[in-house]
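Worksheet for the structure shown next.
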Amino acid sequence: MDYSKVILKSGKDQSVRRYHPWIFSGAIKKIIGNVNEGDLVVVTDNKDEFLAIGHYQIGSIAIRIVSFEEKEIDADFWKQKIKKAYELRQKFDLAESPNNNVYRLVHAEGDGMPGLIIDYYNGTAVLQMHSIGMYLIRDHFVEALKEIYGDTLVAVYDKSEATIPFKSDIKPQNEYLYGESNDKVVLEYGNKFKVNWEEGQKTGFFIDQRENRKLLAKYSKDKSVLNVFGYTGGFSVYAMAGGAKEVHSVDSSKKAIDLTNENIKLNFEDTSRHKAFAVDAFEYLNEIDDKYDVIILDPPAFAKHHNVLHNALQGYKRINAKAIEKIRPGGILFTFSCSQVVTKENFRKSVFVAAANTGRNVRILHQLNQPIDHPVNIYHPESEYLKGLVVYVE
Ligand code: SAH
């Protein structure tokens, strides 16, 4: 191994010894050798003892660790890692299930691969690289995917244009690295969804809400359901499947609403129970009276950085207060936050203040999180981002 070496300041090795995969720039004492962004580097403590190997990048997170063992980081290394991720999905019936062909194959740090997301959509793998080191070796990932999926792999799409740091020299474009295919219908617990990874948000679909959508179906029978921030109607399809009396979907994006209508049609012959509205969530909630028994609030991340945390918490309070105020007595609210910087406790506090503002009696029925194909690395609590509460409003 002829990687450059990064020596840490005294005491700054502690988090690495506890397997945290990030090294911040302030922890670095010295870099030996000529290092370019995306290069692999060997990390040592200030007594030259080996700690880890990682991808170097200019920025606050200077190194993302890919191995805590001293070994060759080559194509085979990545193949083995991705295979392990696949085996986990297979073991828990996500991969190769007749009812399901959409799942997250690689969840970055959660699967020991910081900077790499791979989502699988019925034959097409969508790659999203968040680090330059991962971006530069994307061919390895394509090779690994070909080996794992064989003939069932139709295409590999790279969607890193918006996720690679804009200051880097690389100018990534969204493009097919293998094959070509778009607008596939995928199956999630037997429900059909049309996914457009080229134009859709993130990699095309919010796979992380699978189990929470399934739970919603249980509470939907004969109910009036409002799905706010519905995107392409994930929760709406499950509410319909669960026997809801009526389902209304709200999203500010006209494209998302069009896809919602398509997804409802894909699953149900009679679509008369469903209506979709391309309007602002806050405005919609302001104008309704108490006509809904079940409300889902799944807003986009209100805070992407710590410096806007306060505003984000205000946002969660406002929207939850509106929903709790308007829901029918005996109603059930599914409320979520996908902001990584908002902790479970902070989110719960926002819902608590929202409830207190309305004066209604509110009980927590479920505390929700992300599913097994979005695993949380125990050494990297930051991988935990999705949290939700199901509350009963008297
Ligand atoms: N629940 C969805 C994912 C929601 S993503 C699922 O299960 O697939 C968040 C959605 O909120 C996006 O579709 C975005 O278009 C929408 N959105 C963002 N701001 C909004 C606003 N002010 N009013 C309504 N929708 C909004």
Side-chain angles (χ1 to χ4, degrees), residues 1-6 19 21-23 33-43 50-57 63-91 95-96 103-121 123-161 163-165 168-181 197 203 373 375 377:
M1 276 185 290
D2 53 356
Y3 306 137
S4 299
K5 195 191 279 182
V6 174
Y19 307 107
W22 294 346
I23 294 174
N34 185 15
V35 183
N36 293 311
E37 276 201 290
D39 282 355
L40 284 167
V41 293
V42 164
V43 183
F50 173 89
L51 293 171
I53 302 172
H55 283 136
Y56 176 78
Q57 190 164 307
I63 298 166
R64 290 170 172 82
I65 294 171
V66 301
S67 175
F68 291 93
E69 286 170 54
E70 211 164 352
K71 54 158 81 165
E72 201 65 51
I73 311 296
D74 53 11
D76 191 57
F77 171 87
W78 292 108
K79 203 174 279 172
Q80 296 315 321
K81 277 218 174 203
I82 295 177
K83 265 195 183 147
K84 265 198 196 165
Y86 179 78
E87 281 159 14
L88 184 85
R89 277 70 181 171
Q90 197 182 28
K91 202 168 176 169
E96 293 171 26
Y103 52 90
R104 177 155 289 189
L105 173 66
V106 173
H107 184 56
E109 285 85 356
D111 282 296
M113 291 177 256
L116 178 65
I117 297 283
I118 304 180
D119 285 341
Y120 182 81
Y121 294 110
T124 296
V126 181
L127 267 54
Q128 198 161 60
M129 273 70 77
H130 291 252
S131 78
I132 295 164
M134 287 298 196
Y135 185 78
L136 295 177
I137 55 169
R138 55 204 180 130
D139 288 349
H140 292 339
F141 309 141
V142 178
E143 286 315 306
L145 291 167
K146 280 186 189 163
E147 192 168 311
I148 292 168
Y149 291 106
D151 289 346
T152 49
L153 187 69
V154 178
V156 179
Y157 186 62
D158 173 5
K159 202 175 181 186
S160 304
E161 197 175 299
T163 56
I164 291 292
S168 71
D169 290 338
I170 302 167
K171 299 281 169 277
Q173 284 184 344
N174 294 340
E175 60 183 337
Y176 285 94
L177 304 178
Y178 172 73
E180 203 174 326
S181 126
W197 39 87
T203 66
D373 52 337
N377 175 348

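- The CD1 atom of Ile53 lies 4.5 Å from the CD1 atom of Ile73; values are rounded to the nearest 0.5 Å.
- No side-chain N or O of Glu143 forms a donor-acceptor pair with one of Trp78 less than 3.5 Å apart.
- Distance OH/Tyr157 to OG1/Thr124: 11.0 Å, rounded to 0.5 Å.
- Side-chain contact check for Tyr121 versus Val126: some heavy-atom pair is nearer than 4.5 Å.
- For Asp74, the CG atom is densely surrounded, since the number of other residues' heavy atoms within 6.0 Å is greater than 12.
- More than 12 heavy atoms of other residues, nucleotides or ligands lie within 6.0 Å of NZ in Lys171, so this atom counts as buried by the packing criterion.
- In this structure, CD1 on Ile118 lies 10.5 Å from CG on Asp158, to the nearest 0.5 angstrom.
- The shortest distance between side-chain heavy atoms of Val66 and Met113 does not fall below 4.5 Å.
- In this structure, Trp197 contributes its side chain and Ser181 its backbone to a donor-acceptor pair below 3.5 Å.
- Among all heavy-atom pairs drawn from His55 and Leu40, the shortest one is CD2-CD2, 3.5 Å.
- A perpendicular orientation is assigned to the rings of Tyr86 and Tyr149, their planes being inclined by more than 60° (bins at 30° and 60°).
- Arg89 has a carboxylate O that lies under 4.0 Å from a charged side-chain N of Asp111, or vice versa, which qualifies the two as a salt bridge.
- For the pair Lys84/Leu88, no side-chain contact is recorded, criterion being any heavy-atom separation below 4.5 Å from C-beta on.
- Taking CG of Asp76 as the reference point, atom NZ of Lys71 lies at 9.5 Å (rounded to 0.5 Å).
- At most 12 heavy atoms of other shown residues, nucleotides or ligands fall within 6.0 angstrom of atom OH in Tyr19.
- Side chain of Thr152 to backbone of Gly123: no donor-acceptor contact under 3.5 angstrom is found.
- In this structure, CG on Leu136 lies 8.0 Å from CG on Asp39, to the nearest 0.5 angstrom.
- Atoms CD1 and CD, on Ile63 and Gln57 in that order, are 11.0 Å from each other to the nearest 0.5 Å.
- Counting heavy atoms from C-beta outward, Phe141 and Met134 have side chains that approach closer than 4.5 Å.
- Salt bridge annotation for Arg138-Glu175: present, with a cationic side-chain nitrogen under 4.0 angstrom from a carboxylate oxygen.
- Using a 4.5 Å heavy-atom threshold, the side chains of Ile82 and Leu105 count as touching.
- When all heavy atoms of Gly179 and Ala155 are compared, the pair lying nearest together is C-CB, 4.0 Å.
- Inter-residue side-chain proximity for Val42 and Val6 is flagged as unmet; no heavy-atom pair is nearer than 4.5 Å.
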Would you sort out whether Glu72 and Phe77 count as a side-chain contact (heavy atoms from CB on, under 4.5 Å), showing the intermediate values?
-> CA-CA 7 Å; Glu72 201 65 51; Phe77 171 87; over 6 Å; no
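- Minimum interatomic distance between Gln128 and Lys159 (heavy atoms only, all atoms of both residues): NE2-O, 3.0 Å.
- Closest non-hydrogen pair, Glu109 versus Pro21, comes out as CG-CG, 3.8 Å.
- Between Leu127 and the choices Ile117, Leu177, Thr203, Val106, the side-chain contact (heavy atoms from CB on, under 4.5 Å) rule is met once, by Leu177.
- Gln173 and Glu161 form no side-chain donor-acceptor contact under 3.5 Å, judged by distance and modelled atom types alone.
- Residues Ile164 and His130 are not in side-chain contact: their nearest non-hydrogen atoms beyond the backbone lie 4.5 Å or more apart.
- Between Leu51 and Phe68, every side-chain heavy-atom pair lies at or beyond the 4.5 Å cut-off.
- Asp373 places a side-chain N or O within 3.5 Å of a backbone atom of Arg104 that can act as its donor or acceptor partner.
- Between Lys83 and Glu147 there is a salt bridge, since at least one side-chain N of the basic residue sits less than 4.0 Å from a carboxylate O of the acidic one.
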